[in-house]
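Taking it in order: structure first as structure tokens, then the write-up.
The shown structure was predicted, so the numbers you read here are calculated from the model rather than taken from an experiment. Counting starts at 1 for both ligands and their atoms, in listed order.
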Amino acid sequence: MANCSPTFRDDVFGHIGLNHPDLVRAWFNDLTLADLSAGVLSVRASNGAQLKYLHEHCQPAFAEAAQAATGRLVSVAFEADENPDDPYLDGQPLAVSTSDELQLRCENTFENFVTGPCNRLAHAAATAVSVAPGEAYNPFFIHGGVGLGKSHLLQAICHHIRGENKQAKFLYISCETFINHFIESVERGAIHQFRYRYRHVDGLVIDDVQFLAERERSQEEFFHTFNALHQSQRQIILTADCSPSEIPSLEERLVSRFNSGLVALVDRPCLETRMAILRKKAKLRCVEVPEDVIRLIAGRLDTNIRDLEGALLKLDALSHAQGSPVTLELARSSLGPLPGRSVSIPIILDIVAKRFNVKVTELRGKKRFKAVTYPRHICMYLARQLTDQSLEQIGGYFGGRDHTTVLHGSRTIAKQAKADPDMQRILDQLHTEVQHAAF
Ligand code: ADP
Ligand code: MG
């Protein structure tokens with residue numbers, strides 16, 4: 001059977017797009033107008049799910065469009081090639097279990113996501129992806145350490161998309177689920193169902209793809225899934241605890257696919273962002289937390305937002321148990337005794353950066369302008385005074401500088417302070433501020 005001419009095709013789809021835009025799906029591009037004879041237009045779908053949709057929703061629109069294009073009375077027959085593995089064509093319901101999909105936490109929305117220098121790019125890109133899935137950044141890859149908001153952003157995108165379009169099928173799963181499904185379907189000889197499931201979605205959202213490391217066959221399958229979705233402009237969103245090129249033994253072709261869209265880092269939040277997150281979480285949980293307590297918690301827990309939340313919950317529970325309000329004293333006892341090292345270098349970096357109006361990344365970077373080296377040396381000096389980190393460990397915070405550089409930096413500051421009372425005063429103030437943030 002010869003396919004209908006491209007002009008006829010354009011007329012039919014043009015008419016539907018214009019008069020029934022709600023019905024149009026991205027995969028309409030894949031439909032074949034197979035034949036027009038004896039007053040019947042045959043439209044061929046690629047799979048059973050498309051066929052079902054066409055039968056249920058599109059008969060009148062296609063007939064109307066075909067009549068407009070030909071000027072004759074035309075009826076429409078939808079068809080699809082037989083495929084025993086396609087559950088829709090089998091007359092069986094699609095054997096997809098939704099129980100493996102990750103549940104969205106209702107509070108993981110954009111509204112509840114606090115932005116700061118550590119996550120601004122990732123947040124902006126996530127917003128763009130949620131507004132125009134498949135168009136803005138595809139794939140979109142978020143990476144960063146544990147508990148820094150990767151899953152939160154992923155879920156915020158899903159919430160937004162589902163809110164805008166209830167029909168959109170965004171599959172949100174963990175990488176482990178993908179791998180387990182793949183292994184299972186190979187064992188059961190059901191790879192077609194597997195492919196059907198993963199390739200017939202509007203978007204695929206996979207958390208923690210670092211688990212693909214060392215998994216050759218899963219990587220191979222993932223590569224083909226990726227291509228199938230990407231070629232038809234369906235959105236792919238991924239997270240990992242490191243950048244694509246840092247995932248151990250990840251095939252080069254996957255690394256380059258992941259890098260082909262937008263790769264955004266969520267970094268550890270600075271003190272101010274941590275405080276803003278705590279305020280937001282306290283408000284969400286309707287807990288009254290005074291500012292000094294916010295500062296205390298944010299100053300103490302500087303690695304991971306999940307820990308911040310944990311501390312807040314514990315404090316809230318303690319305040320309920322004791323029937324007393326949240327105070328600095330209660331917070332101190334809730335947080336427990338300080339670990340051996342009371343002040344951390346990130347706190348010093350945050351405070352010194354703010355005081356000298358430079359960025360933490362500059363303090364930790366390679367620049368050698370005085371405007372940066374001076375506060376950098378102050379950080380080294382304070383780190384030696386206030387932490388029990390070795391010279392090497394301190395150097396590690398400053399782009400891997402060696403111990404002699406740290407020693408030289410802090411000695412320079414000590415010498416200058418001895419000769420200059422104003423400078424000593426600044427150091428004392430910083431000293432107090434750092435300790436205040438830490439305790
Ligand atoms: P990850 O996936 O990076 O390990 P999550 O997204 O699970 O981390 O975040 C851990 C917790 O911290 C979640 O409860 C999340 O809501 C919260 N969180 C992380 N980043 C932010 C942020 N910028 N604003 C508000 N909450 C955040
Ligand atoms: Mg996560």
Query - CZ-CD1 distance between F356 and I351, expressed to the nearest 0.5 angstrom - result: 12.0 Å
Report task. Could you tell me which residues satisfy salt bridge (charged side-chain N to carboxylate O under 4.0 Å, His left out) with E392, sequence neighbours excluded, listed by chain and number? Result -> none
Query raised in the report: Distance from F182 atom CZ to Q219 atom CD, nearest 0.5 Å?
Result: 11.0 Å
Report task. State whether K283 and E288 are salt-bridged, where the test is any N-O pair (Lys NZ or Arg NE/NH1/NH2 against Asp/Glu carboxylate O) under 4.0 Å. Result -> no
Report task. Step by step, work out the side-chain contact (heavy atoms from CB on, under 4.5 Å) result for S324 and L330. Result -> CA-CA 9 Å; S324 58; L330 191 72; 4.2 Å; yes
Report summary line: Output for ligand 1, non-hydrogen cut-off under 4.0 Å, lists R105, N108, N112, F113, V114, N119, G145, V146, G147, L148, G149, K150, S151, H152, I277, K281, I305, R306, E309
**Report entry** R188 with E184: basic N within carboxylate O range, under 4.0 Å
**Finding:** yes
Report task. Apply salt bridge (charged side-chain N to carboxylate O under 4.0 Å, His left out) to R274 and list each qualifying residue two or more places apart in sequence or on a separate chain. Result -> D350
**Report entry** Near the Mg ion (ligand 2) (under 2.8 Å) - protein N, O or S atoms
**Finding:** S151 OG
Query raised in the report: Do E221 and R199 sit within salt-bridge range, that is, some charged N less than 4.0 Å from a carboxylate O?
Result: yes
**Report entry** Verdict with reasoning, H377 to M380, per side-chain contact (heavy atoms from CB on, under 4.5 Å)
**Finding:** CA-CA 5 Å; H377 288 161; M380 292 173 175; 4.1 Å; yes
